[in-house]
Amino acid sequence: MPAYSSKAQPYLDAIAEGIFSSEKIRDWVISGTPAEAGYLGADVLMEEQRRVRWQKSRTKQPFWANYWCGKDSSCTCRIEGSKGLESDAIFFLRSRSQRVLAVHVEFKHAYEAFQHGQPEAYPLRANCFAGTYYMRPTINPHHDWTTVLFCGEDALTDERTSNFQRVITHKEAAVMVTGYPYYIHDA
């Protein structure tokens, strides 16, 4: 079985391409979140994000993928006993009023269970990053954050999905995002 990131990467690549190339997709991803009103029509900070993330060296993964919190005392994003330290992807959007939003994305395959504390850690980590980005050289400065989960329909019965401000099923994503590799088992 391939490593997790290689299994998830085609989905995340399609999401990234959609966010980077389409205002319609950016607006759709944040629809229904507290950030929606302030960030509709926002520009994506692709080149700025790449420059910040790769300022010292390129990462193995794409510049928008696998943001780790670390185990330092400044990142209080962990739930007791959990290993919830990573956002699968982060995308930065700039509003017309020049505010910057960090869109934290979690990806789950259909029938893939959350790890202990994983969904609960997402808003904590997003909030932590917004307050400590100046201490994190690979995180773009930003004012606001939102959390988005891409998952199978089976996850909708898990009450912990409420930790994400937006939940998008694979079926919904396949309709909206060009190249999203949706299969029947992803429902």
Side-chain angles (χ1 to χ4, degrees), residues 3-20 25-26 28-30 32-35 39 42 44-46 48-55 58-79 82-94 100-109 112-151 155 158 160-168 170 173 177 180:
Y4 174 78
S5 61
S6 66
K7 290 188 295 183
Q9 203 62 52
Y11 298 85
L12 291 166
D13 286 344
I15 294 164
E17 178 59 31
I19 287 173
F20 291 141
I25 297 298
R26 292 190 293 275
W28 172 74
V29 166
I30 65 169
T33 71
Y39 288 93
V44 67
L45 304 183
M46 183 172 82
E48 289 179 41
Q49 183 177 3
R50 184 188 333 258
R51 196 170 36 258
V52 168
R53 185 74 186 274
W54 287 353
Q55 63 185 308
R58 288 181 64 129
T59 55
K60 267 203 255 184
Q61 299 291 340
F63 65 89
W64 45 263
N66 304 111
Y67 277 84
W68 293 87
C69 185
K71 295 184 179 184
D72 58 74
S73 60
S74 65
C75 197
T76 56
C77 70
R78 289 179 298 286
I79 303 300
S82 80
K83 295 180 182 179
L85 299 172
E86 176 219 12
S87 288
D88 287 340
I90 301 178
F91 303 98
F92 295 94
L93 308 180
R94 180 175 289 123
V100 176
L101 173 72
V103 180
H104 290 250
V105 172
E106 170 64 11
F107 174 85
K108 286 291 183 196
H109 285 285
E112 180 183 0
F114 287 116
Q115 295 176 11
H116 172 71
Q118 186 180 24
E120 296 86 353
Y122 253 80
L124 296 176
R125 180 172 43 259
N127 188 54
C128 175
F129 280 12
T132 62
Y133 66 81
Y134 57 89
M135 298 172 9
R136 301 173 183 287
T138 61
I139 301 285
N140 289 62
H142 57 285
H143 307 93
D144 304 304
W145 55 268
T146 194
T147 54
V148 181
L149 171 65
F150 286 80
C151 62
D158 187 329
R160 296 175 299 162
T161 61
S162 66
N163 287 283
F164 295 92
Q165 294 175 338
R166 173 95 158 101
V167 177
I168 299 171
H170 297 309
V177 179
Y180 195 86

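- Put simply, the side chain of D158 never gets that close to the backbone of A155: no donor and acceptor are under 3.5 Å apart.
- Across every non-hydrogen atom of D13 and P62, the tightest pair is OD1-CG, 4.2 Å.
- Between F129 and H142, the gap from one ring centroid to the other reaches at least 6.0 Å.
- A donor-acceptor contact shorter than 3.5 Å links the side chain of Q55 to the backbone of V52.
- Atom-to-atom distance recorded for F114:CZ and L149:CG is 4.5 Å, nearest 0.5 angstrom.
- In this structure, H143 has its ring center at least 6.0 angstrom away from the ring center of Y133.
- For the atom pair CD of Q118 and CZ of R125, the computed distance is 8.0 Å after rounding to the nearest 0.5 Å.
- Screening V29, L101, L45, I15 against F91 for a side chain to side chain contact (heavy atoms under 4.5 Å, CB included) leaves a single residue, I15.
- Nearest heavy-atom pair, A35 versus I30, reported as atom, atom and distance to 0.1 Å: O-CD1, 4.3 Å.
- The distance from the CD1 atom of I90 to the OG1 atom of T147 is 11.5 Å, given to the nearest 0.5 Å.
- The backbone N or O of V44 lies less than 3.5 Å from no partner atom in the side chain of Q49, so there is not a single donor-acceptor pair.
- The structure places NE2 of H104 at 9.0 Å from CG of N127, a figure rounded to the nearest 0.5 Å.
- No side-chain heavy atom of E112 sits under 4.5 Å from any side-chain heavy atom of K7.
- For the residue pair V100 and P141, the shortest heavy atom distance occurs at CG1-O, 3.5 Å.
- Within the 4.5 Å cutoff, side-chain heavy atoms of I168 are placed close to those of W28.
- Taking every heavy atom of both residues into account, W64 and Q9 meet most closely at CH2-NE2, 3.3 Å.
- The distance from the CD atom of E48 to the CZ atom of R50 is 12.0 Å, given to the nearest 0.5 Å.
- Residues F63 and F20 place their aromatic rings such that the two centres sit under 6.0 Å apart.
- Counting heavy atoms from C-beta on, the side chains of Y122 and S87 come closer than 4.5 Å.
- The two residues R160 and Q115 have their closest heavy-atom pair at NH1-O, 4.1 Å.
- Closest approach of R26 and A42 over heavy atoms only: NE-O, 3.1 Å.
- You'll find the side chain of Y39 stays beyond 4.5 Å of the side chain of V103, heavy atoms only.
- A centroid separation of less than 6.0 Å is found between the aromatic rings of F107 and H109.
- Looking only at side-chain heavy atoms (C-beta outward), T132 and R136 come within less than 4.5 Å of each other.
- A cation-pi arrangement, defined by a distance under 6.0 Å to the six-membered ring centre and an angle within 45 degrees of its axis, is absent between R166 and F164.
- Inter-residue side-chain proximity for T33 and W145 is flagged as unmet; no heavy-atom pair is nearer than 4.5 Å.
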